[in-house]
Amino acid sequence: MRIFLTILILVLFSCSGDEKSKLPEMSAKELQEKLLQANKNALSKEKQQIAAYIKEKQLEVITTKTGLNYKVYNNVEGDSIKDNHIVAINYSVSLLDGTECYNTEGKPEEFTVGKDYVESGLHEAIKYLNKGDKAIIIIPSHLGHGLTGDFKKIPIRSTIIYDLEVVEVK
């Protein structure tokens, strides 16, 4: 996708006077269709990578309608988490290749469900959990940091894996 966008920018802003080097003009509709197809291809590839990760790790996950995958591996009875609850979690965040990006290192971080600026996939997943639960959450890029990454440790269009524990619910 990055290559496609780079080529597109070069084509749009090319200053070449050589008529032979110009690519054929493309209508807005054609461009939109090509971008849509490129996005579909990227999503398909990401789904395959997630499926391979799940198979390799032998995880029995639940998949939601949005494409989020999660596995609760320490299930604690209790009230479910809802919007506006403040939750404190310990977590590590990694990429599909195992590269760890972030880790609370035992110092829980809090956020307000449905309100704070965390990945939409985390907001969705946390509602399936209770205080004390431990889970692995596989967040596809469209529910994570999308086309931009986080400008720090998470690259563009990256699936991220949360291994988390819900420490507190207020």
Rounded to the nearest 0.5 Å, how far does NZ of K34 lie from CD of Q37? 9.5 Å

Just by distance, with hydrogens left out, do Y91 and E165 show a side-chain donor and acceptor under 3.5 Å apart? no

Specify the closest pair of heavy atoms between P140 and G67, including all atoms of both residues, with the distance to one decimal. CG-O, 3.6 Å

Beyond-backbone contact of H85 with K127, side-chain heavy atoms, under 4.5 angstrom: no

Working to the nearest 0.5 angstrom, can you tell me the gap between Y162 OH and I126 CD1? 9.5 Å

CG of D79: more than 12 outside heavy atoms within 6.0 angstrom? no

Return the minimal non-hydrogen interatomic distance between S120 and H142, and the atom names on each side. OG-O, 4.5 Å

Using the rule that Ile, Leu, Val, Met, Phe, Trp and Tyr join whenever any side-chain heavy atoms are under 4.5 Å apart, tell me whether I62 and Y128 fall into a single cluster. yes

Is there side-chain contact between N130 and I81, with at least one heavy-atom pair below 4.5 Å? no

Applying the 4.5 Å side-chain criterion to the ILVMFWY set and letting contacts propagate, would I160 and V118 be lumped into a single cluster? yes

Donor-acceptor check, side chain of N75 to backbone of V72, threshold 3.5 angstrom: yes or no? no

Rounded to the nearest 0.5 Å, how far does CD1 of I138 lie from CD1 of I50? 7.0 Å

Just checking, is any N or O donor in the side chain of Y73 or D163 under 3.5 Å from an acceptor N or O on the other one? yes

Testing the basics here: between E46 and S158, what is the closest heavy-atom pair and its distance to 0.1 Å? OE2-C, 4.2 Å

Which pair of heavy atoms, one from L147 and one from I156, lies closest together, and at what distance? O-CG2, 3.0 Å

Same cluster or not: are Y53 and V93 linked, directly or through other Ile, Leu, Val, Met, Phe, Trp or Tyr residues, by side-chain heavy atoms under 4.5 angstrom apart? no

Distance in Å, R157 CZ paired with L43 CG, rounded so as to fall on 0.5 Å steps: 6.0 Å

Out of curiosity, H145 NE2 to K153 NZ, how far, rounded to the nearest 0.5 Å? 12.0 Å

Hey, could you give me the CG/NZ distance between L35 and K40, rounded to the nearest 0.5 Å? 12.5 Å

Is there a donor-acceptor pair under 3.5 Å between the side chain of N103 and the backbone N or O of C101? no

Under a 3.5 Å threshold, yes or no: a donor from one side chain and an acceptor from the other, between Y102 and D150? yes

Please determine whether the number of non-hydrogen atoms from other residues, nucleotides or ligands lying under 6.0 Å from atom CD of Q32 exceeds 12. no

State, to 0.1 Å, how close G144 and I139 come at their nearest heavy-atom pair, and which atoms those are. N-CG2, 3.7 Å

Would you say the side chain of P108 lies within less than 4.5 Å of the side chain of I89, judging by non-hydrogen atoms? no

Side chains of T159 and Q49, donor plus acceptor under 3.5 Å: no

On a heavy-atom basis, which atom in K82 and which in V113 lie closest, and how many Å separate them? O-CB, 3.5 Å

Aromatic ring proximity F111/H123, centre distance under 6.0 Å: yes

Evaluate L68 against T63 for side-chain contact (heavy atoms from CB on, under 4.5 Å), listing each step before the verdict. CA-CA 6 Å; L68 177 84; T63 304; over 6 Å; no

Quick check on the hydrophobic clustering: are I154 and L164 connected, directly or via other members, by side-chain heavy-atom contacts under 4.5 Å? yes

Would you call N69 and I137 a side-chain contact if the rule is heavy atoms closer than 4.5 Å? no

Trace of the salt bridge (Lys or Arg N to Asp or Glu O under 4.0 Å) decision for K131 with E168: CA-CA 6 Å; K131 179 181 175 184; E168 188 66 48; 3.7 Å; yes

Give a yes or no on whether V61 and L129 share a hydrophobic cluster (residues Ile, Leu, Val, Met, Phe, Trp, Tyr; joining criterion: side-chain heavy atoms under 4.5 Å apart). no

If we only count heavy atoms from C-beta on, is the L143 to E119 side-chain gap below 4.5 Å? no

Any side-chain to backbone donor/acceptor pair from D116 onto T112? Under 3.5 Å, distance only. yes

